[in-house]
Each structure stands twice: as structure tokens, then as C-alpha cells.
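The figures that follow rest on heavy atoms only: side chains count, while hydrogens, waters and symmetry mates do not. What you see is a predicted model, and the numbers here were worked out from it, not measured in a lab. Chain identifiers are assigned alphabetically (A, B, ...) following the order of the sequence lines, protein sequences preceding nucleic acid strands; residue numbering begins at 1 within each chain.
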2 protein chains.
Amino acid sequence: MTTSARKSTRVEKTGITKKGPSSTGADSGRARAGASPASRPRSKKGGTTGGSGLSKERIISAAIEQIDRNGLMGFSLRDVARSLGVYPSAVYWHVATRDDLLASVVEATMADVAPEPGKLSWQDWLRELFSRCREVIRRHPNVAQLLGGHLVANASLSPGMIDRILSVLVAAGFKNDQIVDMYNVVIATMVGFSTLEFASMPTDDPAGWAAQLQEKVSSIRALEFPTLARYLPAMANRSFIVRWQNGTDAAMDSSFRAYVETAIAGMERALARA
Amino acid sequence: MTTSARKSTRVEKTGITKKGPSSTGADSGRARAGASPASRPRSKKGGTTGGSGLSKERIISAAIEQIDRNGLMGFSLRDVARSLGVYPSAVYWHVATRDDLLASVVEATMADVAPEPGKLSWQDWLRELFSRCREVIRRHPNVAQLLGGHLVANASLSPGMIDRILSVLVAAGFKNDQIVDMYNVVIATMVGFSTLEFASMPTDDPAGWAAQLQEKVSSIRALEFPTLARYLPAMANRSFIVRWQNGTDAAMDSSFRAYVETAIAGMERALARA
DNA sequence: ACCTGAACACCGTTCAAGT
DNA sequence: ACCTGAACACCGTTCAAGT
């Protein structure tokens with residue numbers, strides 16, 4: 001069991017016609033009814049904010065717990081509701097949809113990835129950004145598979161992070177016509193390696209699966225794939241595809257470093273060309 | 001609706017006790033019962049192989065069609081079965097599980113990404129590899145989100161591809177202690193950018209969602225995020241996070257090129273250091 | 001404003017039974 | 001060997017109704 005996805009309701013029609021909560025759906029303006037808690041000012045009255053009432057925050061952290069424990073496959077709104085002792089429908093007052101909740105999970109885990117700018121060289125700043133992102137993914141490996149899908153184009157990510165990346169690039173000396181491309185390079189580099197490194201293994205029976213893959217690996221015909229056969233001992237469980245544990249159990253530190261240094265060296269080269 | 005995932009059966013117990021099909025589950029050896037079609041020699045008898053019978057191939061291509069049309073969210077085994085005019089349980093004779101089918105989908109789409117080695121410089125060979133992979137993802141964008149989870153450690157990927165990558169790296173002149181790291185860099189680079197570029201947008205209502213994000217973008221406070229505000233016109237819909245279409249409708253060609261060239265330049269640098 | 005309770009239309013997977 | 005048919009234990013989401 002790895003990535004994959006499901007849904008019951010085939011297509012959500014429009015999303016406009018609905019009555020109360022979750023304005024997220026359709027209209028351009030978000031200041032529509034003012035009713036939806038999804039967009040209301042949070043904890044404005046103070047008081048017992050930590051009380052027994054539900055809240056989006058509480059739901060999000062319950063969701064993160066669920067995902068950390070059961071994986072993305074085992075994740076369900078109903079489980080979250082159960083763990084909070086409420087009816088599934090109660091969750092829907094605070095969350096527009098299952099996917100909305102997952103987007104919030106990504107947002108919550110990725111907050112504060114971007115270091116403060118100014119104190120480090122642009123190279124070191126990027127190194128720090130990349131390792132922080134990797135740390136987040138290491139701590140919540142099952143969220144990794146969400147990153148690709150949600151971080152791409154999303155309200156989730158704080159404009160602050162974008163602003164910081166851009167200003168670091170500008171300070172580094174990249175020309176105006178390079179900035180956007182380099183920004184995209186940074187984002188892709190930030191998540192590219194680690195999402196693979198910590199992607200969850202595709203089974204509920206790790207032991208059997210590991211054995212199966214090891215056997216498959218050992219049955220590779222050296223005559224047909226000589227180079228692979230030669231490097232197999234060095235690669236086994238230390239490289240993508242040819243491994244039976246993920247980054248949680250078999251970290252790929254040196255390759256991650258190589259990936260980061262490759263990217264930075266490449267960027268230095270792009271800088272020199274301008 | 002974007003990534004996310006679901007499952008009904010909480011945990012699949014063991015997987016061993018089962019009777020017939022899909023030996024994939026547990027034991028290390030795969031030559032157990034000989035009954036499971038999942039591991040049987042394909043189309044050995046010849047004859048009307050293209051007849052009316054089911055087959056894993058037929059199921060896989062039906063699945064790909066489904067995924068291309070309805071996205072990963074709308075994908076279900078039952079729909080696949082429906083489109084083939086059979087009962088859901090019939091699919092289970094050929095496929096161990098829903099996730100097994102998805103792994104096969106990845107395998108099928110990613111076959112033949114690796115160019116033949118020998119005719120190109122290692123740099124051009126990698127350029128070709130990366131663009132081919134991007135082409136596959138462009139053609140099957142909804143499969144993209146599967147890549148991260150399935151390509152990582154998987155029987156899916158042919159040893160041939162691994163062998164070719166390795167031999168290109170060796171021919172390029174990388175030292176023995178660099179090969180594995182560089183292989184990992186290549187794999188991560190291969191899928192890193194494009195999976196983001198073509199990640200599906202998180203809604204069933206693209207128009208409304210686009211409007212919403214555009215409004216959100218235009219409401220960014222220039223005082224708080226000056227650099228972002230400055231580059232916003234250049235970035236809008238052309239960069240990660242700040243966009244409302246994915247690579248299908250708004251390709252990111254120049255950034256992809258920058259990403260590839262950055263990686264290659266970085267690898268040249270690593271080569272020079274040795 | 002926020003939640004209960006029940007319902008609807010789906011799932012993946014299993015298992016006997018047919019042919 | 002391969003498929004039908006029915007069942008099981010789940011889903012996400014909606015909607016009235018309570019408080």
C-alpha cells in the first residue's frame with residue numbers, strides 16, 4: 001500500500017448551491033456569507049479556547065496523528081472524528097472536504113521551513129532550507145506523498161517563504177530574467193529528493209516484501225545487466241528502486257548531500273553565466 | 001481534489017492464509033502454488049490472446065484510461081471492472097490488490113524511458129532521459145502522483161533502466177565511490193520537477209478555484225512581501241505555488257530546462273572534483 | 001454557532017459457487 | 001482456470017433536526 005487514492009462521490013457537482021459551511025468551493029470572492037468557520041477569525045473571544053469544542057486546529061493535529069500512525073491509506077475523516085469523539089458530520093462544520101483537510105495538514109507541517117534571510121550566504125541559506133524541509137518530511141513521512149500534489153499550486157504555502165526565497169536569489173545576484181526559473185528550481189529541489197527518500201513502502205507486510213525484493217534483486221542476471229550487477233552490493237538498500245526500506249529506516253544522507261551540492265553548484269554556474 | 005488516499009479494510013491481516021490468486025502477499029519465494037495468474041507465463045498458448053478474456057494487460061490499460069479521464073481520485077477497481085464488463089471480483093483473479101494494479105500502471109507507463117546508451121554524450125543522454133520522463137508524465141499527468149510512491153522502491157522499474165543509467169555514469173568518468181550517489185541524483189532529478197509541474201490541481205471546479213487563487217495572489221500585501229510583490233507579474237501562473245493551472249495547460253518549459261541544466265552543470269562539477 | 005443522528009451512494013476485498 | 005453473484009465492513013458527504 002503506497003500512494004494511490006480514492007473517492008466516493010463521483011463529482012461534486014458545483015459546490016455553490018450548498019447552504020452553510022465551507023465557502024472554499026466556488027465563487028471568486030471569499031467574503032460571501034461570513035458564516036463559514038473555515039474563513040472566520042480564529043479564537044477572537046479568547047477565554048477557554050483550549051476547551052472541549054472542536055476547532056480546525058484540533059482537527060488538523062488529530063489528522064496528522066492519524067496519518068503518522070496509519071499512513072495516508074489508513075486515513076479517513078471518520079477515524080479523525082472518532083479520535084475526537086464526535087460525529088463525522090461535525091468535522092464538516094470546520095472543514096470543507098477531506099482534501100481541504102489534507103491541504104491544511106500540508107500547510108501545518110510545512111510552516112517555518114524557510115530560514116530567516118540575511119545571516120547566511122545564499123548557498124548556506126539554501127542548504128538550510130533543504131535540510132529543514134527534509135527534516136519535516138522525515139518527521140512526517142506519510143505526509144510526503146501529499147507534498148507533490150499540494151505544494152504545487154496552493155494557498156497552503158505561506159507567501160513569506162516565497163518572498164524569502166526570491167530575496168535570497170536576488171541578493172545572490174541572479175538577473176531578473178533568471179529569478180523565476182531559479183525559484184522553480186529551488187522549489188523542485190526542496191521536495192524532489194526527500195519525497196522519494198521517505199516515500200512509504202508499498203506493503204502492509206514489510207518483512208515479506210523485503211524478502212521478496214531481495215530475492216528479486218539477487219536473481220538479476222549479471223550477463224544481461226553487467227553494470228548493475230557490478231554495483232549491486234554498493235547499491236542494495238542505499239539507492240532508489242533497489243531498496244527495501246525507506247529513509248526512515250535507511251537514510252540516504254550522502255546521496256542527499258550530493259543532490260543538494262549538485263543543485264547549488266549548478267546554480268553557481270548559472271550565476272556565473274550572467 | 002488532488003493527492004490524498006483512502007482504503008477501506010483497515011489492515012489486511014496477513015495475506016498468507018488466502019487460497020488462490022495473488023501470491024504477492026507474503027512468502028519470500030514466489031514459486032509457491034503456481035496457481036496465481038499474477039506470476040504465470042503470459043499468453044503461452046498463443047491463439048486468440050486478443051479475445052474476450054480478461055488479462056492483466058487489458059486491465060492495466062483500462063486502468064490507465066480511467067486514470068487519464070477521471071484522475072486518481074475518481075479511480076476505482078469497480079469502475080475498471082465496469083468498463084470491462086465484468087464483476088469486480090473478476091479483476092481479483094488477475095490483480096492482487098488495488099495497489100498492485102497501480103504499481104503495474106506505473107510500470108507500464110514508465111517502460112522505455114531510458115534511451116539507448118552509447119550514441120550520445122552523457123550530458124545529452126541525461127537530457128534525453130529527463131525529457132522522455134517528462135513526456136510520459138505530460139501524457140499521463142494523473143499518474144504523476146503515483147511515481148513518487150511507486151518508483152522509489154519497486155519491482156516496477158526495469159533493471160534495464162538502472163543498468164543504463166549506471167553505465168552512462170561510469171562512462172562519464174565518475175569514480176566508484178560517486179556512482180551510487182549520482183545514480184540517486186539522476187533518479188530524483190528525473191521525476192522531481194515534472195511530478196510537480198503536472199500535479200493535478202486541487203479542485204473539481206477549476207474556474208472557481210483559479211479565480212479564488214488569483215484573488216488571493218492579488219491581495220498579497222506589497223509592504224510585507226516586497227520581493228514577492230515585485231516579481232509577481234513575472235511569476236503568475238508560471239511558477240510553483242503561484243499558479244492556477246498545471247503543466248498541462250501552462251507548461252513550464254524554460255524552468256524545466258533550467259532545472260535540467262542546473263543538475264547537469266552540478267554533475268560536471270562533481271566530476272571535475274574527482 | 002455548532003453538533004447529533006441517520007441516510008445515500010459509493011468503495012476494496014472475500015468467498016462460495018458456478019462453468 | 002477463470003468468472004459470477006452476493007455479502008462484509010468500511011468510506012465521504014449531505015441534510016434535517018436538535019441545542
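- One finds the CZ atom of B/Arg134 at 12.0 Å from the OG1 atom of B/Thr195 (value rounded to the nearest 0.5 Å).
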>> If a pair means Watson-Crick or G-U wobble with both distances below 3.5 Å, what does DNA chain D look like in dot-bracket form, with | marking bases paired to a different strand?
In response: ||.|||||...|||||.||
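- The listed nucleotides are D/dC3, D/dT13, D/dC11; the one nearest the side chain of A/Asp79 is D/dC11.
- Both A/Val86 and B/Pro88 lie close to DNA chain C; mapped to their nearest nucleotides by heavy-atom distance, the more 5′-ward contact belongs to A/Val86.
- Residues passing the side chain to side chain donor-acceptor pair (under 3.5 Å) test with A/Arg69, sequence neighbours excluded: none.
- Across C/dC2, C/dG5, D/dC11, the shortest atom-to-atom separation from the side chain of A/His94 is found for C/dC2.
- You'll find that the side chain of B/Leu54 is closest to D/dC3, out of D/dT13, C/dT13, D/dC3.
- In this structure the side chain of B/Met161 reaches within 4.5 angstrom of the side chain of B/Val113, judged on heavy atoms.
- Note: NZ (B/Lys56) to P (D/dC2) measures 14 Å, nearest angstrom.
- Regarding B/Leu77, its CG atom lies at a distance of 16 Å from the P atom of C/dC10, rounded to whole Å.
- Rounded to an integer number of Å, the gap from CG of A/Leu84 to C1' of C/dC3 is 13 Å.
- Among the nucleotides C/dG5, D/dA1, C/dA1, the one closest to the side chain of B/Trp93 is D/dA1.
- Nearest to the side chain of B/Tyr87, among C/dT13, D/dT4, D/dC11, sits D/dT4.
- Across C/dC11, D/dG12, D/dC3, the shortest atom-to-atom separation from the side chain of B/Arg82 is found for C/dC11.
- With hydrogens and angles ignored, the 3.5 Å screen pairs no side-chain donor or acceptor of A/Thr97 with any backbone N or O of A/Asp100.
- Residues satisfying the side chain to side chain donor-acceptor pair (under 3.5 Å) test with A/Asp68, not counting sequence neighbours, are A/His140.
- Atom CZ of A/Arg78 and atom C1' of C/dC8 are 11 Å apart (whole Å).
- Remark: P of D/dC11 and CE of B/Met73 are 15 Å apart, rounded to the nearest angstrom.
- The side chain of A/Ser89 has C/dG5 as its nearest neighbour among C/dT13, C/dG5, D/dT4.
- The distance from atom CD of A/Gln66 to atom P of D/dC10 is 14 Å, rounded to the nearest whole Å.
- Taking atom CZ on B/Arg58 and atom C1' on D/dC2, their separation rounds to 14 Å, with Å as the unit.
- No donor-acceptor distance shorter than 3.5 angstrom exists from the side chain of B/Gln66 to the backbone of B/Ser76, with no hydrogens or angles considered.
- Nucleotide C/dG5 holds its C1' atom 16 Å from the OH atom of A/Tyr92, rounded to whole Å.
- Between B/Val191 and A/Phe240 there is no side-chain heavy-atom pair separated by less than 4.5 Å.
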